[in-house]
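Keep in mind that the numbers below use all heavy atoms, side chains included, and drop hydrogens, waters and symmetry copies. Residues take their numbers from the sequence shown, with the count starting at 1.
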Amino acid sequence: MYEKTVVDTTRSSMGRLVRSAGSVSAMAIVGQLTMVAAIPMLTRLYSPADFGTFTIYLSIVNILGAIAALRFEYSLYVVEENAQAHITAKLILLAVATTSTLVLVSGVLLTGGAPERLRHLAYLIPIGMAGAGLVEAMNCWCLRFNHLREFAIGRAILPASMALLQLSFGLAHVGGEAMVQAHILSQAVLIGYLGSRALTWQDVLSTARAPWGAVISTARREHKFLLFDVPATVAGFAIINLPAILIGAMFGTTFAGQFGVAARLVSGPVALIATPLSNVFVAEVSRGRNGPHLIGTARGFLVLAAALIAVPIMGFGLIAPYFVVPLLGENWAVAGQIMAALAIMGAAQALSTPLQEVPTLFRRQEVRLVVDTTRMLLVFAPIVIGAHAGWAPLHVIYLMAAGGAAGFALKTVACLILLSSRGRPATTIATSENSLKFGEIEMEPAARRQPEVVHAPRGRPFISVAIPTFRRPGTIRRAIESVLRQDYADWELVVSDDEGPQGETWSILTEYAQAEPRIRILENHRGQGQIDNTNNAMLACAGSWIKPLHDDDWLAQGSLSAFAKAASANPTAAFLTCATNNVWESGTKLRSSPDGPNRIVLYSSQECLRDLYLVRTTRSLGMVPSTLLVRNDVIHAGCLMRTYRSVRSAVDQLFFIDLACRGNMVVINDGLIFYDATSHPSITQSTSFSQADEETLDLKQLTWSLIEDTKRLPRPETMVRALRVARLRGRLRHQTWAASIRDSAQIIRPSVLMAASQDILARVFGVASRG
């Protein structure tokens with residue numbers, strides 16, 4: 001049977017996600033510890049009233065800063081091209097400037113009714129709001145363009161720099177207002193760092209030159225962020241920050257300062273550790289994964305949030321009343337009792353935060369609005385009722401915390417229901433009217449197009465497209481249609497049917513062959529499956545170059561012309577390959593090399609083999625036969641699909657090794673084919689971990705023998721052991737405990753530790769190593 005092989009992709013990627021989330025959270029913990037360590041000194045340098053003023057300022061900035069860009073920053077996650085990212089960036093800057101100006105004008109007009117101690121905040125709040133909006137936009141940019149290392153470091157810079165500045169100003173006796181000024185300066189430090197690391201000068205120029213018409217058009221297209229997400233975000237941030245403002249108004253700035261310190265100690269870990277988990281989850285969803293993967297990932301993140309944050313916060317709250325006075329001083333006894341009350345809400349918030357952007361990603365902002373409005377009522381009702389009835393402040397805070405915990409639990413349940421019912425984020429594939437649907441993808445049928453086609457010359461075609469097929473009458477139409485709709489005419493299409501005239505597919509192929517003389521069909525008389533059928537199709541091709549294409553994949557518009565142009569420019573290359581548009585149930589995402597879009601790069605034979613061995617750059621390209629364009633003489637010289645020792649499922653990788661031995665590879669860093677990874681008949685087969693390990697070792701040993709310089713490379717056995725360690729998280733539920741213990745024990749080997757560390761650096765921080 002003609003099959004593609006997928007080895008536990010859903011579970012195996014969880015280890016990568018945990019490492020990514022762990023690296024981000026680790027830096028956040030560094031910043032959080034710096035901030036917490038500074039609190040005992042800050043409480044002796046500043047009075048509770050000073051803390052109260054800062055708490056009120058920070059609460060207002062947190063609410064307004066979350067909507068400073070009108071939530072347009074989150075549309076960065078779904079942009080497909082750099083040009084659109086620059087347009088979105090200009091829209092974000094416009095939104096931040098507009099909202100900050102409005103807040104400044106409103107603050108100046110209303111400052112007369114504010115207490116004397118708080119009037120200066122009318123000028124500082126708009127600055128802090130703009131800074132918060134820009135920081136969030138930079139975070140989204142880093143995640144969208146894979147600057148995960150810079151994003152992680154930024155999680156430590158903001159709290160650490162703020163704490164250090166507040167300590168410095170306090171020691172210099174600058175005054176209570178210095179706490180606010182330190183916060184603004186720390187924002188500037190973070191924006192400067194992220195801007196210098198994640199933005200290029202070309203990004204800045206392209207953003208400045210982005211046409212205003214496109215900016216307005218983007219704002220209209222993404223109107224849901226403004227219509228639903230802004231109110232929902234205000235409600236969500238109000239739940240966390242507005243209580244401090246109300247408490248300050250009802251019970252005075254001194255009690256607000258006590259509340260602010262307690263909230264800082266309890267909710268700080270949530271904001272700085274759980275929020276990065278949310279960012280990593282958002283980045284994973286934006287890659288386009290299927291429903292079961294997202295559900296499994298969500299559950300894993302909930303377990304991680306519970307272990308890292310929720311459980312420690314609950315324990316922290318229980319002992320808070322006993323250590324606060326020795327730690328902070330005699331004036332802060334009330335803060336310990338408030339911390340005990342807030343612990344339950346902080347734990348619920350920690351579980352809710354990793355999934356908080358699910359409604360936005362699924363374009364269900366209305367769900368978020370309803371849920372967050374309900375949560376807001378659960379939090380504010382006890383405050384309003386308690387203040388009106390004259391209850392003690394601590395009793396009011398206990399009731400408020402209980403309502404908040406219930407609200408966060410409601411939000412977690414709503415997000416899990418959305419993931420279960422939808423299973424995929426909003427698609428990023430642009431479609432047009434009058435199109436023909438194939439599953440989740442839409443294609444323009446050949447009969448309705450009028451491309452500019454030149455007449456094919458007589459004689460040998462330049463490109464032969466070779467399609468092996470077996471019992472896929474639906475997808476074979478899509479594959480053939482994608483060839484017919486090309487704007488390049490110097491081609492032939494050879495289809496080899498592994499079932500023959502007795503099958504339903506044969507009549508479809510006959511129909512196309514009768515209508516188009518460039519299409520030839522043949523039967524694979526031996527009928528021995530994918531390998532033999534693919535070889536049968538390729539050996540029958542007459543073109544100068546052979547383009548394999550699986551019968552469930554298809555060509556993008558302009559694919560053959562792009563291949564022909566690159567092949568003509570590199571006639572001595574053994575083969576060419578391209579980036580892929582990977583099609584999942586959740587949507588389509590481009591898988592390309594990091595060399596930049598639309599670049600054509602030449603890799604030597606040894607570079608291909610070395611990168612394949614180390615699981616590096618070129619290994620992510622060329623592994624899918626549908627992406628290849630191979631010289632005809634290479635195929636007829638015996639470079640065919642085959643098996644090797646125990647390699648039965650990873651035949652595509654084995655074919656890539658054989659091609660690399662024949663000569664150089666040209667990479668077209670553009671998505672010229674669509675690779676169908678959705679669930680449909682005959683697309684997957686199960687492979688056990690032991691079988692995968694055996695095949696991996698055989699492939700590593702084969703590749704090792706072909707690499708000319710192996711001095712600085714780890715041995716094949718070491719590489720396989722390191723891969724077992726790196727993928728252990730995804731294997732825990734699918735193998736015995738004894739096997740898991742044996743795998744984890746490999747890390748004590750220095751060579752394995754080094755190889756695993758290099759793999760983690762390459763995956764998490766993008767640090768590729770060729771040596």
Trainee: If we only count heavy atoms from C-beta on, is the I657 to L612 side-chain gap below 4.5 Å?
Mentor: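 With C-beta onward as the side chain, the pair touches.
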Trainee: State, to 0.1 Å, how close A562 and I668 come at their nearest heavy-atom pair, and which atoms those are.
Mentor: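 Nearest pair, atom of A562 first, then I668: O-CD1, 4.0 Å.
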Trainee: Report yes if the side chains of R520 and L493 come closer than 4.5 Å at any heavy-atom pair, otherwise no.
Mentor: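 SC-SC contact between R520 and L493 ruled out.
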Trainee: How about N139 and F151: do any of their side-chain heavy atoms sit closer than 4.5 Å?
Mentor: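 They are in contact (side-chain heavy atoms under 4.5 Å apart), so the answer is yes.
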Trainee: Side chain to side chain contact (heavy atoms under 4.5 Å, CB included), that's the test. Do R472 and D551 meet it? Break it down for me.
Mentor: CA-CA 7 Å; R472 284 190 179 139; D551 62 350; 2.7 Å; yes
Trainee: Please list every donor-acceptor pair under 3.5 Å in which a side-chain atom of residues 509-516 meets a protein atom from a residue at least two apart or in another chain.
Mentor:
from : atom 1 : to   : atom 2 : distance (Å)
T510 : OG1    : W506 : O      : 2.8
Y512 : OH     : E481 : OE2    : 3.3
E516 : OE1    : R518 : NH2    : 3.4
E516 : OE2    : R518 : N      : 3.1
E516 : OE2    : R518 : NE     : 2.9

Trainee: May I ask you to test the L628-L576 pair for a side-chain heavy-atom distance under 4.5 Å?
Mentor: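 Contact flag for L628/L576 side chains = no.
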Trainee: Show every donor-acceptor pair shorter than 3.5 Å between a side-chain atom in residues 211-219 and any protein atom, with sequence neighbours excluded, or say none if there are none.
Mentor:
from : atom 1 : to   : atom 2 : distance (Å)
T218 : OG1    : Q84  : NE2    : 3.1
T218 : OG1    : A214 : O      : 2.9

Trainee: If you round to the nearest 0.5 Å, how far is CZ of R662 from CD1 of I635?
Mentor: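 With rounding to 0.5 Å, CD1 (I635) is 9.0 Å from CZ (R662).
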Trainee: Taking S496 as the fixed residue, which of N524, N533, T469 is the one that meets the side-chain hydrogen bond (donor to acceptor under 3.5 Å, both in side chains) rule?
Mentor: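 Among the candidates, only N533 passes.
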Trainee: With distance as the sole test, does K90 use its side chain to make a donor-acceptor pair with the main-chain N or O of A210 at under 3.5 Å?
Mentor: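 Checked: pair present.
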Trainee: Apply side chain to side chain contact (heavy atoms under 4.5 Å, CB included) to the pair N582 and T588, showing each step before the final yes or no.
Mentor: CA-CA 5 Å; N582 287 355; T588 298; over 6 Å; no
Trainee: Any chance you could measure F145, atom CZ, to L76, atom CG, to the nearest 0.5 Å?
Mentor: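 It is 7.0 Å, given to the nearest 0.5 Å.
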Trainee: Tell me, do F575 and W545 make a side-chain contact under 4.5 Å, heavy atoms counted?
Mentor: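 Not in contact.
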Trainee: Any carboxylate oxygen within less than 4.0 angstrom of a Lys/Arg side-chain nitrogen, looking at D670 and R599?
Mentor: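 Result for this pair is no, no salt bridge flagged.
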Trainee: With rounding to the nearest 0.5 Å, note down the distance linking CD in E73 to CE in M138.
Mentor: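 Nearest 0.5 Å value for the CD-CE distance: 12.5 Å.
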Trainee: With the side chain counted from C-beta on, respond yes when E492 and C541 share a heavy-atom pair under 4.5 Å apart, and no when they do not.
Mentor: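 Yes. Closest side-chain heavy atoms under 4.5 Å.
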Trainee: How are the rings of F674 and W554 set to each other: parallel, tilted or perpendicular (split at 30° and 60°)?
Mentor: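 Parallel, since the angle between the ring planes stays under 30°.
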Trainee: Apply side chain to side chain contact (heavy atoms under 4.5 Å, CB included) to V465 and I546, showing your working.
Mentor: CA-CA 6 Å; V465 180; I546 297 174; over 6 Å; no
Trainee: Quick check for you: to the nearest 0.5 Å, what is the distance between N570 atom CG and I600 atom CD1?
Mentor: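 The CD1 atom of I600 is 7.5 Å from CG of N570, to the nearest 0.5 Å.
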Trainee: Which atom names give the shortest non-hydrogen contact between A537 and V494, and what distance separates them?
Mentor: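 For A537 versus V494, the nearest heavy atoms are O-CG1, 3.8 Å.
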Trainee: Counting only N and O atoms by type, is there a donor-acceptor contact under 3.5 Å from the side chain of R485 to the main-chain atoms of L555?
Mentor: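 Looks like yes, one N/O pair under 3.5 Å.
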Trainee: How close do E499 and F470 get, counting heavy atoms only, and between which atoms?
Mentor: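 Minimum heavy-atom contact is N-CD1, 3.9 Å.
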Trainee: Please answer whether the main-chain N or O of L706 pairs with a side-chain N or O of Q606 as donor and acceptor at a distance below 3.5 Å.
Mentor: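 Side chain of Q606 to backbone of L706, a donor-acceptor pair under 3.5 Å: yes, one is there.
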Trainee: Taking C-beta and beyond as the side chain, do I476 and I467 meet within less than 4.5 Å on heavy atoms?
Mentor: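 I476 vs I467: side chains touch.
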Trainee: Do you know which two heavy atoms are closest between G543 and N632, and how far apart they sit?
Mentor: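 The pair with the smallest heavy-atom distance is O-ND2, 2.7 Å.
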Trainee: Without swapping roles, check the side chain of Q530 against the backbone of P468 for a donor-acceptor pair under 3.5 Å.
Mentor: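 Not at all, since once roles are kept as given, no pair shorter than 3.5 Å links the two residues.
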Trainee: Could you walk me through whether C578 and F563 pass side chain to side chain contact (heavy atoms under 4.5 Å, CB included), step by step?
Mentor: CA-CA 9 Å; C578 67; F563 271 116; 3.8 Å; yes
Trainee: Is it true that a side-chain atom of S559 and a backbone atom of I673 form a donor plus acceptor pair closer than 3.5 Å?
Mentor: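 No; judged by distance alone, with no hydrogens or angles, the pair does not exist.
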Trainee: Which atom pair, heavy atoms only, marks the closest approach of C608 to Y603?
Mentor: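 Shortest heavy-atom separation between C608 and Y603 comes out as SG-CB, 3.9 Å.
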Trainee: Just so I know, are the side chains of L590 and T580 near enough to count as touching, which here means a heavy-atom distance under 4.5 Å?
Mentor: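 L590 does not reach T580 side chain to side chain.
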Trainee: What do the steps show when you test D676 against R478 for salt bridge (charged side-chain N to carboxylate O under 4.0 Å, His left out), and what is the final call?
Mentor: CA-CA 11 Å; D676 194 342; R478 180 176 63 188; 2.7 Å; yes
Trainee: List for me each residue that meets side chain to side chain donor-acceptor pair (under 3.5 Å) alongside T207, sequence neighbours excluded, and say none if there are none.
Mentor: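 Not a single residue meets the side chain to side chain donor-acceptor pair (under 3.5 Å) criterion with T207.
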Trainee: Measuring from atom CG of L194 to atom CH2 of W141, what distance do you get when rounded to the nearest 0.5 angstrom?
Mentor: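 The CH2 atom of W141 is 12.5 Å from CG of L194, to the nearest 0.5 Å.
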Trainee: Before giving the answer on side chain to side chain donor-acceptor pair (under 3.5 Å), spell out for S206 and D203 the whole-Å C-alpha distance, their side-chain angles and the decisive distance to 0.1 Å.
Mentor: CA-CA 5 Å; S206 298; D203 289 327; 5.8 Å; no
Trainee: Give a yes or no answer on whether the side chain of R631 reaches the backbone of T572 with a donor-acceptor pair at less than 3.5 Å.
Mentor: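 A pair under 3.5 Å: yes.
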Trainee: Provide the closest heavy-atom pair for Y488 versus S561 in the form atom of the first, atom of the second, distance.
Mentor: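 Heavy atoms only, the tightest pair is CB-N, 3.8 Å.
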Trainee: With rounding to the nearest 0.5 Å, note down the distance linking CG in L659 to CG in L609.
Mentor: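 Spacing of CG (L659) from CG (L609) equals 10.5 Å.
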